[in-house]
Amino acid sequence: MDKRTLVCLLSAASTAFGACAASEVGEYLIPADFRGEVPPLRITRDIPFACDLSEADGLSFDFKADDLSEFSSFSFHFGWGSNTWRSASFYPTVEGRWTRMTVRRPDDTSRDWSKVTGFRLSGWRGGTNATTLAVRGIAVEPHRAVEKPADAEHKAACAATNAAALRRLAETPPSAGERRLAWAHDPNGFQGKGWEKSARLLAENGFTDLIANLVRGPTGAYRSDVVGFAPRTGGVDRLDECLAACRRHGLKLHVWVICGRLGWEGDDALRRRLEDEGRLMVSFDGKREPWLCPSHPANRKLLVDTMLELAGKGVDGVQFDYIRYPDPDYCFCDRCRHLFERSVGRTVGDWPDAVRRDPDLLGKWRRFRCAAITAPVRQVAKRLHDGTHRTEVSAAVYYDPLYDPDQVGQDWAGWCAKGYLDFVCPMTYMEDLGDYRRKLAKHARQVKGTVPRYPGIGPSVWQRDGLEVARFADQVRSVRETGLRGFAVFELDWRFEQLLPQVRAAMLPSMIPRVQSSLMYSFPFMALTFQLSSPAEQPAGDAVNYFALLGSSDMMAFASSSLKSRPKSRSMSVPAIPIRATFWSLSLQVCDSGPYFSR
């Protein structure tokens, strides 16, 4: 979001340092009132604090939020006066008491950090009540050399934390019918190697649904009468391949449709054609962007027809994504202006500034944007819920049901209340467990109806700090403790592949193989090849599952190989498994074809 948008969105925002008065004890009180028919999207205060941060880590201060649930997120900007800003990370997690916080300055050499004049603190609306933020004790945080713990100590601490989280997860088993979904971005399958590997990986680790990105705007990774055939698929119909792989492995397939944004990279000619046809969004500043305007009838028809065509191809579901505007700065094209003026019954002069200044127009403008985004969702739901289809309709949505309609035109709570969706996946990809739980609790309060919610878990966007296992385990446990019956993981990539074998047993204790025999060894190795023979009593033609488990003493690495014997086969070779670190144990388990492989 640009600096102009940050300023003009708020009726309650101040735009000059010193606008927020400090109390006699140096405490800056920041009232936040989100009540009323047209509440502000955020509250903002610019706090003066001239300082030299050229040799400092950043700023520290005491912060207190009476009620974090009234906010969807926070933002922090260092300032230099004259509306010059640089954003920094700011994630409060404690409410109701003072907490010392440090905001580190970004490593940006283009700024003169010796002449900082203050900072801007913003809280973005997430509720409908009035509350208060407060800041006091602002100080320069001097530079301190960070003592990095010894590698062995760090690994040991992470291993202990991860192990404790896995024990807690194992004590919180899934409910009957729990759905475990995973998004996959690459239309050519995991690592571009086709969909067989993706489907097998998910099925063997207990997942039930694959959400595959096979459509982006006007292009698709399959042969279609509606969208163009994306050249990056190499001429292969990836939908047929993906659907067949999912059927073989017992997965449900939902086609992930990116609605607003244009297609894959390299579609410059397509963008120029759509721009010439007036089908792209226009910003408040008059710039065209590579997003399809939802008010254009050709764009709406494209989306609805795509969803219906996919349903006709036998997929289990279709999922809306990017079914929204990029931010409040869109769309101000001539068509949107004409349709909005017709909806309010008068000409709007001084376009587009008038819709930002006039509270009455602003409320109507927000409702107009929501209606444009909702229209194709309603149309697709009506067609696919007519009793003749078995295709589920879902949506990947932002994570704040009160804030999202005004910010991006996405009234997903309304879609749930009206039954347009069969399930919804809020994109709750945050790392902090407290923040994650607050989002789940807020959804429980604010989203009405019986539509299942499968919140997102985002290991693909988390920092790589050795605690990914604990983070994943604690978030899955939080989902289950909230009473939800599923979750969706973003996304199927190498990070997720490494995470899966470490969490599988705790996530799904019932999937642990029933061991008939077990061999344990302890020695360093890098790879291993060995032969197995079927038990003498095993009838020829019956399948025996052989599961090789490779793990390290500190549980920081884990690899596995599993395969099923061919009919009438009496022996099997498990290929070498390359290990990047020195591993100290091998567990070889010969298992029956029980719940580990059955679905």
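From a predicted model like this one, the values you see are computed outputs, not experimental measurements.
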Original post:
Who are the side-chain contact (heavy atoms from CB on, under 4.5 Å) partners of E171, not counting sequence neighbours?
Top reply: none

Original post:
Residues in ring pair (Phe, Tyr, Trp, His ring centres under 6.0 Å) with F34, at least two apart?
Top reply: F71

Original post:
Among pairs that include at least one residue of residues 416-435, which meet side-chain hydrogen bond (donor to acceptor under 3.5 Å, both in side chains), considering only residues two or more places apart or in two chains?
Top reply: H385-D422, E431-Q463, D435-K439

**OP:** Apply salt bridge (Lys or Arg N to Asp or Glu O under 4.0 Å) to R453 and list each qualifying residue two or more places apart in sequence or on a separate chain.
**Re:** none

**OP:** Not counting sequence neighbours, which residues clear salt bridge (Lys or Arg N to Asp or Glu O under 4.0 Å) with R167? List them please.
**Re:** none

Name each donor-acceptor pair under 3.5 Å that joins a side chain in residues 60-68 to protein atoms two or more places apart or in another chain, with its distance.
| residue | atom | partner | partner atom | Å |
| --- | --- | --- | --- | --- |
| S60 | OG | R100 | NH2 | 3.0 |
| S60 | OG | E141 | OE1 | 3.2 |
| D62 | OD1 | R100 | NH1 | 3.2 |
| D62 | OD2 | R136 | NE | 3.3 |
| D67 | OD1 | S69 | N | 3.0 |
| D67 | OD1 | S69 | OG | 2.5 |
| D67 | OD2 | S69 | OG | 3.2 |

**OP:** Report the residues that fulfil side chain to side chain donor-acceptor pair (under 3.5 Å) with E70, sequence neighbours left out, ordered by chain and then residue number.
**Re:** N129

Subject >> Residue list, side-chain contact (heavy atoms from CB on, under 4.5 Å) with T172, at least two apart or on another chain >> reply: R477, R480, E481

Original post:
Partners of A130 by side-chain contact (heavy atoms from CB on, under 4.5 Å), sequence neighbours excluded?
Top reply: D33, R35

Original post:
With sequence neighbours excluded, what pairs up with Y322 under the ring pair (Phe, Tyr, Trp, His ring centres under 6.0 Å) test?
Top reply: W291

Subject >> Any residue meeting side-chain contact (heavy atoms from CB on, under 4.5 Å) with A470, in chain and number order, not counting sequence neighbours >> reply: T161, N162, A165

Subject >> Residues in ring pair (Phe, Tyr, Trp, His ring centres under 6.0 Å) contact with W195, at least two apart in sequence or another chain >> reply: none

